[in-house]
Chemist: 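Okay, here's the structure, questions in a sec.
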Amino acid sequence: MMFVSPPPLCRLVLAVLFVFLFFFAAAAWKKDEFRNCNQTPFCKRARFRAPHSLPHYAVSDLAISEGHLKARLLPWRPSVDPVNDAGDPPRSLLLLLSVYQGGVLRLKIDEDYSAPSAPSKKRFEVPDVVLPDLEDRRLWLPRFFSAEDGAATSFYLSDGFEGFLRHDPFEIEVRREGSKDPVVSLNSHGLFDFEQLRQKTEGEDWEERFRGHTDTRPYGPQSISFDVSFHGAEFVYGIPEHASTSLALRPTKGPGVEESEPYRLFNLDVFEYLDDSAFGIYGSIPFMLSHSLKSSSGFFWLNSAEMQIDVLAPGWDNSTASDKSRIDTFWMSEAGILDAFFFVGPGPKDVLRQYASVTGTLAMPQEFAIAYHQCRWNYRDEEDVASVDASFDEHDIPYDVLWLDIEHTDGKRYFTWDRVLFPNPEEMQKKLAAKGRHMVTIVDPHIKRDDSYHVHKEASEKGYYVKDATGKDFDGWCWSGSSSYPDMLNPEIREWWADKFSLNNYGGSTPSLYIWNDMNEPSVFNGPEITMTRDAVHYGGIEHREMHNAYGYYFHMATANGLLKRGNGNDRPFVLSRAFFAGSQRYGAIWTGDNTADWDHLKASVPMVLTLGLTGISFSGADVGGFFGNPEPELLVRWYQLGAFYPFFRAHAHHDTRRREPWLLGSLAAEGELYVDDGKSYNFEHGAYIHRRFIFSDHKLTSYDLHSPPNVGLKKFTSGCTVERIILLGLPSGAEKAVIEPGNFKADIELGPLTLRAATSSVAPTIRKPNVRIADNWSIKVL
Amino acid sequence: MENHAGFALLVASFCLIWVSGATSISNKQYLGIDPRDLSYYKSDVIKCINGSKKFTREQLNDEFCDCPDGTDEPGTSACPEGKFYCQNAGHIPLKIFSSRVNDGICDCCDGSDEYDGNANCPNTCWEAGKAARERLKKKIETFKEGIVARKKEIEKAKEAYTKDEAELAKLKSDEKMLKELVQKLKEQKERIEKLEQEERLKKEKEEKRLREEEEKSKEQEEKAEESQQHSTDSSHEQEILMDSHDREIESRNDDVTKTESAASDAVEQENVDSGAISDDAEGLSKEELGRLVASRWTGQEASEKKDIIGNVEEDQVSHDPDEHYGYNSETEENRAKYDEDDRANYDEDNFEDDQEDEYEDDNAVSDGSYIPDQYEKTGSADTTDTSNPSWFGKIQRTVQNVLHAFNFFKTPVNVSEAAHIRKEYEESNSKLSRVQSKVSSLSEKLKHDFGKEKEFYLFYDHCFESKQNKYVYKICPFKQASQVEGHSTTRLGSWDKFEESYRVMLFSNGDRCWNGPDRSLKVRLRCGVKNEVSDVDEPSRCEYLAFMSTPSVCLEDKLKELEQKLGQLTTMQPQNHDEL
């Protein structure tokens, strides 16, 4: 396979900036529009259960089958049934344990569809997220061992680790061989609950109402919840996307914890999101990483329904001898199955490698994509584009990509152009391309319901739209007015969508045009919580509630594949997406959505971007300058300085804001240079600039490469440089200094001559830094 | 002989090769240097231009940056601060950032910036130069014409200015005389009034005495009334007036506050509405809900509403000072008007301005620029009645006559004569206030900065228009600028100042934008034969930019510069261009 590399247009000099500050009337986050846990019945039911208060399940019929460990979970019925609100007695569940190379244990628990009273509907298993070759890397378990006098079973997991299954009540543990110290465990507190699909009992009302919207819930309650404990852990990280000023996840429940919502994973288009909140925003990755100086481990629940996760403070279960070196968490999801992966570690890099072995590594971006991007809602017309482009040259500020937001289209019909504003889009792109620059246009999933619009015509004729609960095409309101949404769960529809990006189908596009997917949570302005109704129906009768968090992922996937197809597989795609799910790293970059031009959002962007990096999405960034509002000059300067460290480095602004292209900063300038390695202008002997370089072998970035420690020496800077790294990952082994506290790194780490100093909340030691010589000590402080 | 010739040829060709080799080496070494700077690089040890370091000739263009200022690497991209000179024979020589050297993109039209063979840059200087020369020639033509037009304009402007100054002087002297006159009339009037009063008192006393016995019961009331009616204590009167002013101001303020709070209530209401989408979502259609949520990002619907409210608030605020001012100086009569109709009257001044503008706009509409004749008409129309000497003489004479004719010692007062004096007083007084207002408006005008040669003087009374899509932009220099769509007018700003040595006209403090700044407009001036506005644009929200061509900025110096440039372009013409 050939990969075409663009001409190096690499140097980024940031002459920084000047912008007036004026009052920005923030209408602010509309809290009432979003459900909290108490308004979410499955969450409310599960969240305040006491440990071991539920009827529990016990393991039986344990057997090896095709290298898996299989068992049946039998419900244990006490003589007096305390909380059985449903009519049918619970059926048994099927449990499947599989082991993969490199220290990955997979646990699946689902209904027994062969049982006589089994439901006719199958629960949703999220397809196309785990790598297709994962199955090839499965270890065939030859046997298992009886432990604790037959009360438990153990089996091989990886060198130094074993799987351990306690029978009654069932509990799963990853533990160290020999010492038997547990690493991660599930159901240690007996909070496992599996609401089985069942018939509606007489007079039962399954409908849920929220702010004028009715969810018909035809299949009734079907949530799953359980506890997961990270043993020996001091901190847990991950489960994006939440805006937070802390990298470590703060406890949400337990003694000494202020009343808080659980971390919510539910992809939503949140207008003016808060900088520090457990509420869900645009994307979801149900992957959590635990860490202490001793060991690290990870847990990933492959489930795309709404999820709520509590991080529990020690003593939450009223246990007197609370283990301070353990972090308990509680996971709740509205639907789907339990399909979970345990990653044994032991180091953080191992956990990330293990996670990447399941969901994949970053797609190797093209060189231009890691350079500086200039965006605004909106560069209005071809003249505007030409003048912005010319101004970059005039001021010798390098940039590689110019972006067009929704206004470039003909009435928000994507794949079209407003021909008054953009009469010659090919010409415009060619002019940019002649200087080695690229253009990105926006393509959103809401398709305007207009019969004269070819995309809508085709999609409605072919029946390619998501259906509402009554079977009609789902009709929601978005930028394009009354709109429908292609059903991206269906692979055939994804292929159809991908074909829309061919140069023939996308009129006015050229090979130097790349794509931006926005609003793919999906955003539905007149829907419940500004998104699609949960009882909308997808391919295979899947309810939207079951796949909601993955909709944007499939959309992103289809778009990236479209660009891959366009270039006959020879042009690496670039697609930026706002919504994401586990595995989105394989399809392109992610940004943190509509942030705000204030210091708190600047600060929050660091943990947000780092968290994305920790959960596989290494290619991510926040809008430099802040989307809403006008940054004061200093804020903008600082944001550029920090933004140079975001793996994805783009400035973007709302149309109500003042222009703030870098040359407008005038006298208030922070001079700096940003190099992306062009292979020749870098001079190690003479302490030239720090470069940013992607390492890849076989035309692919591997997770190891991605997260390997830098081999930074005075004269060697040739390999191991990462897209993004946090101190957590860059620690030399055995460094005892690196105690990482929630939201506060106390680290002083020697990495050759390059001292990374992290005095405050978070540090992003990527290798891209304006005006820094390799011999200089440097640090970024985020106030 | 043949052999010798052959040998000579061989030697010659060797030499040729050697020479060409040497040339190419030295060419390479002196790459990117402005020919005028070549001598600087001739010595063996060369100083960095900023004096920081030294380097040897071998270090020149060796792709290693020795001088922080880039002196040693004019022909490579090694120094970030360097500049590369391209000769561009046939076109304009250019200094480009050294980062552009060998970056794979052709920057110089002669292709000299891409010499490492990675990019194929054809020499396009002759063609590009041709186009540039054409453009330059055209520009020079415009400048030449523009300069002529400018001279005429300046002449006219100076004339008009002198005239206005004379006018002002005249008006001021008229004002002075009128004041005296009015003062005299006033004195007379007061005297008459005093006499009349005395007479009346006397009469009343007589009558009173006669009626005293019969009307004893009503005595008290009568007295009270008298003292009220005939109080001549002016300070007392003033006090009363002031009191009532204050009261009224207070009550006006109350009104304002009320309206404001009503307006902010409305805003709040608005917020509540959008915030409570779904408290009442059932009440909204699906489409309404969708639009409402969309409007958070776009601000569109909400903006319109808020803009209106914002305007109302602003109007009230900005009118407040006028209002107070008006109260203190207005006569009682006018006050009554306030009470009747407060809003319409605040704007009396503005209103007049508007009328004036409309009148001028009509002229402007005709061809988008002003007509000088029109100016004179407008300029003089206003002052005809006052500046006419016969008028002033007449009034003076009349007054003299009246004053002389009046017999102050005659009692009872001659009623018709008294009325005459009152009438004269009132007329002269209103004349005076008209003259005063003209004086103030003319001094206001003359206070402005009209450019070094008063070249913008004639802009004062004119507006320029440009239609862009659905909007008409009206630009009235020294006054204000607005955007008109149908019947709605948005103020883009009021006159602020010239910027960038009279190349930009700035209008600021226009109507407030929802979620944005106060509107403002920059009008960038460029040389043209006619006054014409083109290309109004809004690069950032509510910050407008317009281009206007005008002879006023067609400067001789600039023309010389252009001609020089053209001369350069023509002399730089490569001799072999015909062969190419």
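Residue numbers begin at 1 in each chain, while the letters A, B, ... track the order of the sequences.
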Chemist: Suppose we screen for ring pair (Phe, Tyr, Trp, His ring centres under 6.0 Å). Which residues come up paired with Tyr282(A), at least two apart in sequence or across chains?
Modeler: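 With sequence neighbours excluded, Tyr282(A) shows a ring pair (Phe, Tyr, Trp, His ring centres under 6.0 Å) to Tyr273(A), given in chain and number order.
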
Chemist: Search all heavy atoms of Gly290(B) against all heavy atoms of Phe525(A) and return the closest pair with its distance.
Modeler: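 Shortest heavy-atom separation between Gly290(B) and Phe525(A) comes out as O-CB, 3.4 Å.
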
Chemist: Just by distance, do the side chain of Arg658(A) and the backbone of Arg541(B) share a donor-acceptor pair under 3.5 Å?
Modeler: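 Here the side-chain-to-backbone pair does not exist.
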
Chemist: Ring centres of Trp297(B) and Phe627(A) under 6.0 Å apart?
Modeler: no

Chemist: Show your working on side-chain contact (heavy atoms from CB on, under 4.5 Å) between His213(A) and Leu289(B) and close with a plain yes or no.
Modeler: CA-CA 12 Å; His213(A) 299 279; Leu289(B) 180 59; 4.1 Å; yes

Chemist: Using non-hydrogen atoms and a 4.5 Å limit, figure out which bit of Asn378(A) sits close to chain B: side chain, backbone, both or neither.
Modeler: neither

Chemist: Give, as side chain, backbone, both or neither, the part of Glu394(A) having an atom under 4.5 angstrom from any heavy atom of chain B.
Modeler: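 For Glu394(A), backbone heavy atoms alone lie under 4.5 Å from chain B.
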
Chemist: Check side-chain contact (heavy atoms from CB on, under 4.5 Å) between Thr533(A) and all other residues, then give those that pass, not counting sequence neighbours.
Modeler: Phe474(A), Pro528(A), Asp535(A), Ala536(A)

Chemist: Would you indicate whether Lys467(B), at its atom NZ, is surrounded by more than 12 heavy atoms from other residues, nucleotides or ligands within a distance under 6.0 Å?
Modeler: yes

Chemist: Measuring from atom CG of Asp384(A) to atom CG of Asp537(B), what distance do you get when rounded to the nearest 0.5 angstrom?
Modeler: 7.0 Å

Chemist: If I measure from the heavy atoms of chain B, does Ala653(A) come under 4.5 Å with its side chain, its backbone, both, or neither?
Modeler: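 For Ala653(A), there is no contact with chain B at all, as no heavy atom is under 4.5 Å.
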
Chemist: Under the criterion salt bridge (charged side-chain N to carboxylate O under 4.0 Å, His left out), I'd like the reasoning laid out for Glu287(B) against Arg449(A): C-alpha separation, chi angles, the key distance, then a yes or no.
Modeler: CA-CA 13 Å; Glu287(B) 179 173 337; Arg449(A) 295 191 58 82; over 6 Å; no

Chemist: How about CD on Glu127(B), more than 12 heavy atoms from neighbouring residues, nucleotides or ligands closer than 6.0 Å, or not?
Modeler: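 Counting other residues, nucleotides and ligands, CD of Glu127(B) stays at 12 neighbours or fewer.
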
Chemist: For Lys412(A), does the NZ atom sit with more than 12 other heavy atoms under 6.0 Å from it, leaving out its own atoms?
Modeler: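 Yes.
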
Chemist: Mind checking the CG-CZ spacing from Asp393(A) to Arg100(B)? Nearest 0.5 Å is all I need.
Modeler: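 It is 4.5 Å, given to the nearest 0.5 Å.
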
Chemist: Can you name the nearest heavy-atom pair linking Glu538(B) to Arg380(A), along with the distance?
Modeler: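 Smallest interatomic distance, heavy atoms only, reads O-NH1, 2.6 Å.
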
Chemist: Could you check if a side-chain atom of Ile530(A) sits within less than 4.5 angstrom of a side-chain atom of Val293(B), using non-hydrogen atoms only?
Modeler: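 When only atoms from C-beta onward are counted, Val293(B) and Ile530(A) do touch, with a gap below 4.5 Å.
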
Chemist: Hey, could you give me the CG/OG distance between Asp656(A) and Ser540(B), rounded to the nearest 0.5 Å?
Modeler: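 Those atoms lie 10.5 Å apart.
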
Chemist: Would you compute the distance between atom NZ of Lys286(B) and atom CH2 of Trp477(A) and round it to the nearest 0.5 angstrom?
Modeler: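 The NZ atom of Lys286(B) sits 12.0 Å away from the CH2 atom of Trp477(A).
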
Chemist: Is atom CD of Glu383(A) surrounded by more than 12 heavy atoms (other residues, nucleotides or ligands) closer than 6.0 Å?
Modeler: no

Chemist: Is the closest side-chain heavy-atom distance between Glu543(B) and Arg659(A) below 4.5 Å?
Modeler: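 They are not in contact (no side-chain heavy atoms under 4.5 Å apart), so the answer is no.
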
Chemist: Are any non-hydrogen side-chain atoms of Asp107(B) and Lys435(A) less than 4.5 angstrom apart?
Modeler: no

Chemist: What are the two closest non-hydrogen atoms of Thr298(B) and His655(A), and how far apart are they?
Modeler: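 Residues Thr298(B) and His655(A), closest heavy atoms: O-CE1, 3.3 Å.
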
